[in-house]
Each structure stands twice: as C-alpha cells, then as structure tokens.
Amino acid sequence: MTKKPEDTPLIRQYFEMKSKHPDAVLLFRVGDFYEAYGQDALTIVDILSIALTKKSNGAAGPIEMAGFPHHALDNFLPKLVRAGKRVAICDQLEDPKLTKKLVKRGITELVTPGVSTNEHILATKENNFLAGLHVEKNRAGVAFLDISTGEFYTAEGTVEFVDKLLGSFSPKELLYERGKRALIQERFHYTGARYEMDDWVYTDESATTRLLKHFQTNHLKGFGIQNMPLAIIASGSVLYYMDMTEHTQISHINTLSRLDETQYVRLDRYTIRSLELCETMNEGGKSLLSVIDRTQSAMGGRLLRRWLLFPLKQVEPIRERQDMTEFFFKQPLLSTAIRQILGGIGDLERIASKIAVGRVSPREMVYLKQSLKAVNDIRLACLEGKIDELEPGSVLSLDADDVGYMALQRLVERMQPCTDIRQRIHRVIVDNPPIALNRGEVIRAGVDSELDELRMLSSSGKEYLMAIQEREAQRTGISSLRISFNNVFGYYIEVRNAHKDKVPDEWIRKQTLVNAERFITQELKEYEEKILGAEEKIASLEARIYQELATDLCQYLSAIQANALLIAQLDCLLSFATTAVEHRYYRPIVQEGDALTIKAGRHPVIEKMLPPGEPYIANDIHLDSTQDQIIIITGPNMAG
DNA sequence: ACTAAAGGGGCTTACC
DNA sequence: GGTAAGCCACTTTAGT
C-alpha cells in the first residue's frame, strides 16, 4: 500500500486558503515575501516575468514557487489584475514571535478587476465600476458600484435599456447568476471580466435583507426602488460580492441612487464609440472628452465623463448649467481664482473611501485637511467674492440678480466648512508627514504625553551617544572616531585604519572594512537598547493614535463626499467656461421642440486636429420634423 | 557604476 | 534529542 505523500504544514495551509477561492491566484505572505506555489507560481511567473524556483515540500517533493517582497505588491498586483486575474491576498494574522508553531494566516482581500482600491490599478479621472446584473424575461435590473469612490447606482428596465447603461458605465467586471452565461452573452454586449455567483444570491429576500442591513434602514422606499425587484436583486448581489471579497468596511457606500430613465438621453455603446466621446478609434486621435476637459480635480474629471455619457433631456437643468457656465465666463477673475484653488484639491472621494476601508496614509490625511480648507476658500470666494488666492484682501462685487450667480450660490451654500475634521487632523498630524506610518514623526508633539516622553528619551539617548563619541575621541586621541548606526550591528564606533593601534583593549571588534574597523562597547549597547526600545514603543504608540483618528473620521464621510460632489460639479461648470473662452464656443439656446439650427458650426474635435494655420470652414445646419427632415452630407463623415 | 547582502518566514541539512 | 546554518524569489541599501 502506498501512502499519498504528505504536504508540509505550510503548503497544506496554502491549499486550504486556495480552496476558498479556487478561481483566484493566491498570494501567500511568508515573512517579507508574497509567495505562490504550484500552478499559481507558474501563472504569476508568466504574467510578472519573474523567476520560477521551488520550495521543498517534504515527502511530496519540491513544489514550484515564485514570489516577491511585500513592498513590491503595488508593482505586481496591478499587473496581475490587468491580466484579468482575480487575486486573493493572504496575510499573517499573528505575530510570529509569539508562536513556535506555524503562524496563522487568512485571506484579507480578494482583488478583482471590478473591486479595487489600489491607486496603481485605478485611473484618476475614471471610475472603476463593478456591475451586478439580473435578467428575467425581457426585463433586467442592474447595479453599478465603484468601491474606490463609494458611488452606487441602480436601475431596472428593458434589456435594451440596461444594455445601454452597461455601455455608458463600462464596468470593469460583471456579476450574474451561475448558468445564465449564454443568456447574457446573447442579450448583452459586454466583453470585460465576468463572475458567476450562486443562484440563492439572486432572490428577492436575500437581496432585500442584505440592502437593509447594509444601509441600516427598515425599508427601501428611501431609495425609490421598492417596486423594482430586479434592481433590488442586482444591488443585493453587488453587496454580497463585497462580502465575498472581504470588503467589509464599506461605510462610505452610504446611498443607492436610482438612475432615472426620463432624465437622460440614452446612448448605446456604438454611438459612444463612433462619436469618439471618451476614446478614439484610431491612433493619435482626440476624443471629445479630451478636447473639452479642463477640469482641475479628479472627481471633476470623473463627473465630466459622466455628464458627457448621460446628456440631459430636460430644458430646465440644462439651462441651469448654462447659467452658471455663463456666469463664470463673465467673471474671469473669480474663475481664475477658483481654478487655482481647485488645482490644489485632492481626490476627496477616494480619500474618503480609504478612510472607510482603513487604508488612509498620513500624507493623504494632511491632503484631506488642505483640500477641505480649499473647499471652504471656494465657498467664500463664490459667496463673498473673496479672492485671496489671486489678490490678497481684494473682494469682487458680484451681481446678486444674475441668474447664474443665484444658481451658483445655491450650489455653493451646500458645501460644508468641515472645520471639525480640519482641526482634528491639524491637532494630531504634523504638517509634512511621511507617506507611511512606520517609523515615527507622524503625530504632533503635545498630543500624547507618553509619546513626548519616549521621544525625549530617544533623543537624549542619542545626545548621550554623541557625548560618548566626543569623550572617547579625547580619551583615545582618535579625532576621526565616529559613532553611527546600521541594522546589522546597531550602534558602533568606527575607526580609520590610520588609528588602528590606539584602540583600547575592551572594545569588541565587529567588522573590518577596506579602510576602517568597527567596534562596539558595553556602554554603547546599553544605550542602544534604551533608544531602540523607546523607538519601538514610539512606533506602536503613533500607530495607535493614528488609527484612533482614522476611525474617528469615519463619522464625517458623508460630509466629505457631499463636498466632493459639489466640487466636481463646480469643476465641470468652470471647465465648460474655460473651454468656451479658449475655443470661442457660444451658448446654445435650448428650448422644447424638435428643430435644430446651427449657424457657423464647428466640430470641436476636427477643429483641434487641423494642421496649424489651416482654417476651419464653419457650416450652417437646420433640421426639423416638418420641413427639413433629411440632409445629405457628402465627403468624409465628420459633420458630427 | 557595480556587487553583495539583508529583509523574514519555513523547511532541510548538518552537527552535536 | 535539539539547535544552528543554508536556501529562496525581488528590491533596496550598504559597501566596494
């Protein structure tokens, strides 16, 4: 009888984790490295072009292995995701020092094309939507979620309508019920990453429960979807997927917006593509978006793209946008000031999301503080005409009766000063913190007395080392004697070879370099212990205080998000005004009816693509539903 | 400018 | 029997 050769405990642990997500590549944290074994090793070697090696695996014989240090995850993870892989990240869950056995490990995140908070995977001015789809007969429900910004939308309607939404949102990943692959392939024109989930997820009850629990509410009326069973199921399936991919801290997803069929012109994917709204079909071309995008902020950029893909249908909201654009057009001083301030505003939406998922960096926190201050500056500039950024102390006189200004005021008044958040961050975090939170200098002095004491201890220890250096230099007569630090020996005394003979007997030689020798002494090691001990405590204390602040900020997420949306709108409107000035665009008169009249019209993209010096020949167009229903345009089809 | 070692777990091998 | 030393991906850093 032959016994099946046993894997070693580590490899067994790997395949245990692997069995939870068999369709994902598993990156397994072992010490400083993320490792993959067996088939996964072969896969990542192929995608990442790294070396294949092997790991001994007891009686079962060596197993394929590949890996990279944990700090390189940001480089490699996006490559795997872009190659269409689902990647399960498995981390160590306990301190290896506290156990003699194999360290406990667990999957902390499943990264997929549609679920990513990693900025190396995300495009700044583009959303990263995950879509959930549910079809029944001729109708379908759909939900779109961008976990990196917290935006969550849903809709229900004919298959044709939902297919158009898929075209406009262009999600990076599509979820649907297992077994419906053929049906979905036949009815929808989606080509990206897809994932099938169990049928029990697609029941009204399971979805409703999930939505109510997530939003902590008693009914779905507040979202206006109580009579949209397919939309409810689609939305619920998306939330289930968050759970499944270990994204459990998602309090930034705090509302579900119903996409209203009646408000927007529906564009299908062919129209979007052939009009080259966002992307061009040929090399070196320009999309309409790239020609008109003068937004300064990331969220403005994302909103402009959405405005372009969801053209308004109703006259009133169009006019309101036009009024505000015209106001900016007529106020170059204010516009310039605001544009400048906008340029200094960070990605509020994505910072808010990072706070929620617990991955905000110290530098992002300071950026948040500065950005919220900038929001308030814009508020004051628009409401009171204060343009300190441009000319300190000067105040513009704005026409209070201007319809555009009134609309702008209504928008800006909703911005929140967020003084609380700004003060909290300011009180706790230093002005120029490091990106990462590992070795100190993040928390401001005076925040915590224990921290201050430890810092004193550490710095006085260092001062004492300098005193030792001076004393020993005098005692031995070695003037070039230096005390310094490295990770191998800690603190040591370095002596140039020229003075080798003057070294006292009690010094312990540790290392010989080409033209110097390194020694330690009893005294040095004693102080080293004090200093390193203090530094270790400083690091853990700082981390604790930092986490407290980060958790505390979670209660303000919706205020930050509200500001982000208002800034995005303002940014888009200002971008329109900027483009209008630059390209000499005119404000079209929009009214009910079906006539279209263009006088001396120019195609925005073609005009930009002309070689320098070549004039654009503008042309007139008139179309309506009674007299001039058809016109024939000859030549290259570039009339727009 | 170039090279070698460290980084940290787990496993094997060598040695007492 | 236990313990110490060697190994291993990639990147960074220290040392030539």
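The shown structure was predicted, so the numbers you read here are calculated from the model rather than taken from an experiment.
Backbone-only engagement by A:F76 is indicated by non-hydrogen atom pairs under 4.0 Å involving sugar-phosphate atoms exclusively. Within the nucleic acid shown, A:P69 comes within 4.0 Å of at least one base atom, counting heavy atoms only. Counting any heavy atom pair closer than 4.0 Å across all strands shown, A:A51 reaches sugar-phosphate atoms only and no base atom. Base contact: A:E35 has a heavy atom under 4.0 Å from a base atom. Using a 4.0 Å heavy-atom criterion, one finds that A:K55 contacts the bases of the nucleic acid, with or without backbone contacts as well. Using a 4.0 Å heavy-atom cutoff across all strands shown, A:L513 reaches sugar-phosphate atoms only and no base atom. Nucleic acid contact class of A:V30 (heavy atoms, under 4.0 Å, all strands): base.
For A:K85, the NZ atom is loosely surrounded, since the number of other residues' heavy atoms within 6.0 Å does not exceed 12.
At least one side-chain heavy atom of A:L122 sits less than 4.5 Å from a side-chain heavy atom of A:R350.
A cation-pi arrangement is absent between A:R509 and A:F519 under the rule of less than 6.0 angstrom and at most 45 degrees off the ring axis. For A:R210 and A:Y240, the positive end is not near the middle of the six-membered ring at less than 6.0 Å and at most 45° from its axis.
For the 3.5 Å distance criterion, the side chains of A:T108 and A:D91 qualify, holding a donor opposite an acceptor. Residues A:N57 and A:Y37 bring no donor and acceptor atom of their side chains to less than 3.5 Å of each other.
A distance of about 15 Å separates the P atoms of B:dA4 and C:dC7, rounded to the whole Å. Comparing B:dA5 with C:dG6, their C1' atoms are spaced 14 Å from each other, to the whole Å. Taking atom P in both B:dG10 and C:dT11, one finds a spacing of 23 Å when rounded to whole Å. Annotation: C:dA5 and B:dA6 have their C1' atoms spaced 16 Å apart (nearest Å).
For the pair A:H70 NE2 and C:dA9 P, the interatomic distance rounds to 18 Å; values are reported in whole Å. The separation between A:I50 atom CD1 and C:dC10 atom P is 6 Å, rounded to whole Å. A:N75 has its CG atom 7 Å from the P atom of C:dT11, to the nearest Å. Rounding to whole angstrom units, CZ of residue A:F28 and P of C:dA9 are separated by 19 Å. When the P atom of C:dC8 is taken as reference, atom NZ of A:K54 falls 9 Å away, rounded to whole Å. A:D74 places its CG atom 13 Å from the C1' atom of C:dT11, with the value rounded to the nearest Å. For the pair A:D32 CG and C:dT12 P, the interatomic distance rounds to 13 Å; values are reported in whole Å.
By the 4.0 Å N-to-carboxylate-O rule, A:E494 lies close enough to A:R518 to be salt-bridged with it. Taking the charged nitrogens against the carboxylate oxygens, A:R444 and A:D431 do have a contact shorter than 4.0 Å, which makes a salt bridge.
Comparing A:H71 and A:A59, the nucleotide of DNA chain B nearest to each residue sits closer to the 5' end for A:H71. Residue whose closest nucleotide on DNA chain B sits further toward the 5' end, between A:K97 and A:G58: A:K97.
Bracketed by its first and final contacts, the part of DNA chain B lying under 4.0 Å from non-hydrogen atoms of chain A reaches from B:dG7 to B:dT12 in 5' to 3' order.
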